[in-house]
2 protein chains.
Amino acid sequence: MTSPVAELVDDDLWSAIGDPTRRRMLDLLLAGAGTATTLSQQLPVTRQAVAKHLDVLNRAGLVQATPAGREKRYHVDDAQLARAAAQLASVGSAWDARLRRIKTIAETIQRTQHS
Amino acid sequence: MTSPVAELVDDDLWSAIGDPTRRRMLDLLLAGAGTATTLSQQLPVTRQAVAKHLDVLNRAGLVQATPAGREKRYHVDDAQLARAAAQLASVGSAWDARLRRIKTIAETIQRTQHS
DNA sequence: ACAATAGGTAGGAAAAATCCTACCGGTCAA
DNA sequence: TTGACCGGTAGGATTTTTCCTACCTATTGT
């Protein structure tokens, strides 16, 4: 169980959530669905910039849009975000396990050298 | 406990591990310390590009360099990687909890409407 | 039906990241 | 000591990302 982290994650999904602005957008969308305009009002960027970020999130499958009247309401795709959360957790624990394993080996070597 | 994910993470650290190449580099360095050259031999980029990626990882505190002879051996900073792992895990569980909470609310509303 | 207005889209400019070529410095062998 | 070579560094070109300006579309109210 060497668990190479690289093979544990979806690159597109990962880099989608790698951007701070997009993470904040996910936070806002989790609090309640909204349009590019409503999001931009709560962020330090124009709604056009927000629209492109939404496009990135959409291509990664993290958000979906449902037309409502003349607007497009974006909402988080629960299943995909859950998938992302699972990946984050597994990478985190993989690293943790790896570190723990290395530490154990190091301690074993030291103990061996002491004898 | 609304847990806004944005305030849970260190942006520099996060975007450092947001890049696929850098994640693979961390994998390789966890398997054993190495120089820019040895890493580049196991990656599809030149050692100069690797050097810049190492610089990014270094600024984020994820790796450290120790001069050894005429080379510079890079190794993972255990404490910082553990910190990163913890952040990943907490974001993952924050999202998971948020999703679960939303689902519960939705179900409650439905149940209410049925009555 | 028509004007007014809010929202989305297209295109490109500016900024940043990534990558490579060229160069410098130190180490090892003779 | 000196030449060859391995590794790192500096600088800049290229690609990608991010962001904004300008424009078009659709809905709403009169």
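First the proteins, then the strands, lettered A, B, ... as listed; each starts at 1.
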Revision key, fill the gap. When rounded to the nearest 0.5 Å, the distance separating CE of Met25(A) from CG of Leu54(A) is 3.5 Å
Check your understanding: Do Thr38(B) side-chain atoms and Gly34(B) backbone N/O form a donor-acceptor pair below 3.5 Å?
Key -> no
Point to revise | Residue-level proximity of residues 45-61 of chain A to DNA chain C when a heavy atom falls under 4.0 Å | key: Arg47(A), Gln48(A), Lys52(A)
**Study point:** N/O donor-acceptor pair under 3.5 Å between Arg22(A) side chain and Ile17(A) backbone
**Key:** no
I'd like a table of atom pairs between the protein and nucleotides 27-30 of chain D - only N or O on both sides, under 3.5 Å - with the distance next to each one.
{"residue": "dT27(D)", "atom": "O2", "partner": "Arg70(A)", "partner atom": "NH1", "Å": "3.4"}

Practice item. Answer yes when Arg100(B) and Asp78(A) have at least one side-chain N-carboxylate O distance shorter than 4.0 Å, and no when they do not. Key: no
Check your understanding: His75(A) versus Val63(A): any side-chain heavy-atom pair under 4.5 Å?
Key -> no
Practice item. Just call it for Arg22(B): base, sugar-phosphate, or nothing, with non-hydrogen atoms closer than 4.0 Å on any strand. Key: sugar-phosphate
**Study point:** N/O (side chain, Thr37(B)) to phosphate O (OP1/OP2, dG8(D)) under 4.0 Å
**Key:** yes
Point to revise | Leu28(B) backbone acceptor or donor facing Gln42(B) side chain under 3.5 Å | key: no
Exercise for review: Look at the side chain of Asp27(B) and the backbone N and O of Val5(A), then say whether any donor-acceptor pair between them is shorter than 3.5 Å.
Suggested key: yes
Exercise for review: Quickly work out the Lys72(A) NZ to dA6(C) P distance and round it to whole Å.
Suggested key: 20 Å
Practice item. Classify the nucleic acid contact of Thr35(B) as base, sugar-phosphate or nothing, counting any heavy atom under 4.0 Å across all strands shown. Key: sugar-phosphate
Check your understanding: Between dA26(D) atom P and Arg73(A) atom CZ, what is the distance in whole Å?
Key -> 20 Å
Practice item. Decide whether a cation-pi geometry holds between Arg23(B) and Trp14(A); the criteria are a distance under 6.0 Å from NZ or CZ to the six-membered ring centre and an angle within 45° of the ring axis. Key: yes
